[in-house]
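Down below is the structure, laid out as structure tokens.
Just follow the structure's listing: the first ligand is 1, and inside any ligand the first atom is 1. Positions are given from 1 along the sequence. The shown structure was predicted, so the numbers you read here are calculated from the model rather than taken from an experiment.
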Amino acid sequence: GTAQIGVTGLAVMGRNLARNFARNGYTVAVHNRTAARTEELVSDFGDEGTFLPASTPEELVESLERPRRVLVMVKAGAPTDAVIEEFAPLLEEGDMIIDGGNAHFEDTRRREKALRERGIHFVGTGVSGGEEGALHGPSIMPGGSAESYDALGPMLEKISAKAEDGTPCVTHVGPDGAGHFVKMVHNGIEYADMQLIGEAYQLLREVGGYSPAEIAEIFRTWNTGRLDSYLIGITAEVLAHTDAVTGEPFVDVVLDQAEQKGTGRWTVQSALDLGVPVSGIAEAVFARAVSGHADLRKASRHLAGPTPRKLPADDAATFADQVEQALYASKIVAYTQGFHQIAVGSEQYGWDADLGRIAAIWRAGCIIRAAFLDRVTQAYDAQPGMVSLLADQGFADETAAAQDDWRTVVATAVINGVPTPGFAATLAYYDSLRAPRLPAALTQGQRDYFGAHTYHRTDRPGTFHTLWGGDREEIGT
Ligand code: 6PG
């Protein structure tokens, strides 16, 4: 065969990745379960490069040079397993199957292991950037063996987004499920970013008294500063949009029930398993869940609370600046939590992930791309073993400068009855880390009281238990 890569599954993501490879000079074999999609791709975009349409998996495999690279772009879950089972028997030792869907990393670990035993490389790969990214340059997070990256990496580097300094937004994240794990956390952070932006909007509207169009302008201004990011940019676009049917702001006619495909939820489930506090990300997932429980919300409308008091115009402008501070500080914490999860996951699964490289490949192409990630990259470059993003002096200084406003914003939200779970949870995390003493000591006392669960002391080593039901003598064990 002569094709350097084969793509099976030509829905929009698969089609656009195939086009991206072809536009970069690769010969791309293409296959889809229903052949019409394959024909459509070739007739609509055949002039962009060299496509070899295949009507069967056998034909696709035959048209590939060795080692064969088969990129699977089908729905996560059972459909992915089915396609793998179709292709694996046709492949030879050293060939690779690349899964570019949003698979759960545990599925990827299972598939990688099973295929490794059959001599086939399985490369679970995170791909971020939506349809546009897939076509013009996504951020790519491949896992799998180092050997497979040797054969695949250069091609991915070619089609990936490039950071401002020209670095391709792709790196070998680590073996087996590392790529999909990191993509999962990317999405968890994406949920947090979106929720925090949503809270900022709600406060500007209900307390600041601004209209959606005015808030769009505020976001546009923020987007020229340290909050410069894809998500802030599109938020301004959405807020400025007017519904054609009613003439109302678009944001006022959309049903306020957020949906999800599950990657944010997976992030939190994994964080719970790993014991990593990702409260900002978790609140973002829960906020979507709250919004979706329409009956519960309807049945709760009568509950008492303040009516938000809109600020006079002069104070509103000051408040907007404070909200910017809160949003930035909360964002730092959300990323701190996400990177912590990657560090612990990497340790747990033995991936040796390089946090600085991960920040670097998120600088362009992906949904959470932002000027901010340049800063994160620099922070990890300066201190590779950094225990927390907040250990970076620059971020510590920025949260120090923001914290008064951050507290004011959370307090203002509470007083006005505007829910800001993301701002509040990230601030509580920040204060928990700072606190010289936590009430965890009391928790330990309670556990020892009702269950003789024992505790440690601050002043000497050992494990202790107090005889709470008796004379309260302390015994060391
Ligand atoms: C990306 C996105 C993408 C994700 C959508 C929808 O990085 O390109 O994360 O992979 O599927 O954003 O996610 P939800 O439906 O869960 O909001």
Element-labelled atoms of ligand 1 that are located less than 4.0 Å from some non-hydrogen atom of Ile367: 1 (C), 2 (C), 7 (O), 8 (O)
shortest atom 6 (C) of ligand 1-to-protein heavy-atom contact is with Lys261 NZ, 3.3 Å
Would a 4.5 Å heavy-atom cut-off, applied to side chains only, mark Pro175 and Glu112 as touching? no
Using the ring of each side chain (for Trp, its six-membered ring), is Phe395 parallel, tilted or perpendicular to Phe372, with breaks at 30° and 60°? tilted
Between Phe339 and Trp362, is the ring centroid distance below 6.0 Å? yes
Per-atom filter on ligand 1: closer than 4.0 angstrom to a heavy atom of His186 are 7 (O)
Is the closest heavy-atom distance from Gly130 to ligand 1 below 4.0 Å? yes
To the nearest 0.1 Å, how far is atom 11 (O) of ligand 1 from its closest protein heavy atom, and which atom is that? Asn102 ND2, 3.3 Å
Salt bridge or not for Arg220 and Glu217, using N-O below 4.0 Å? yes
Is a side-chain donor-acceptor pair under 3.5 Å present for Asn24 with Asn20? yes
Taking distance alone, with no angle check, do Tyr191 and ligand 1 share an N/O pair under 3.5 Å? yes
Under a 4.0 Å N-O cut-off, is there an ion pair linking Asp81 with Arg111? yes
Can you confirm whether more than 12 heavy atoms, excluding those of Glu65, are under 6.0 Å from its CD atom? yes
How far is atom 7 (O) of ligand 1 from its nearest protein heavy atom, and which residue and atom name does that atom have? Ser128 OG, 2.4 Å
Atoms in ligand 1 with a heavy atom of Glu190 nearer than 4.0 Å: 1 (C), 2 (C), 5 (C), 7 (O), 9 (O), 12 (O)
Specify the protein heavy atom at minimum distance from atom 10 (O) of ligand 1: its residue, its atom name, and the distance to 0.1 Å. Lys183 NZ, 2.7 Å
Mind checking whether Arg288 contacts ligand 1 via backbone (N, CA, C, O), side chain (CB onward), both or neither, at a 4.0 Å heavy-atom cut-off? side chain
Atoms of ligand 1 less than 4.0 Å from Asn187 heavy atoms? 4 (C), 7 (O), 9 (O), 10 (O)
Is Arg110 paired with Glu106 through a side-chain N to carboxylate O contact shorter than 4.0 Å? no
Residue pair Val170 / Ile159, side-chain heavy-atom distance below 4.5 Å: no
Using distance alone, decide if ligand 1 has a nitrogen or oxygen within less than 3.5 Å of any nitrogen or oxygen in Val127. no
Enumerated ligand 1 atoms positioned under 4.0 Å from heavy atoms of Gln260: 15 (O), 16 (O)
Minimum-distance protein heavy atom relative to atom 8 (O) of ligand 1: Gly129 N, 2.9 Å
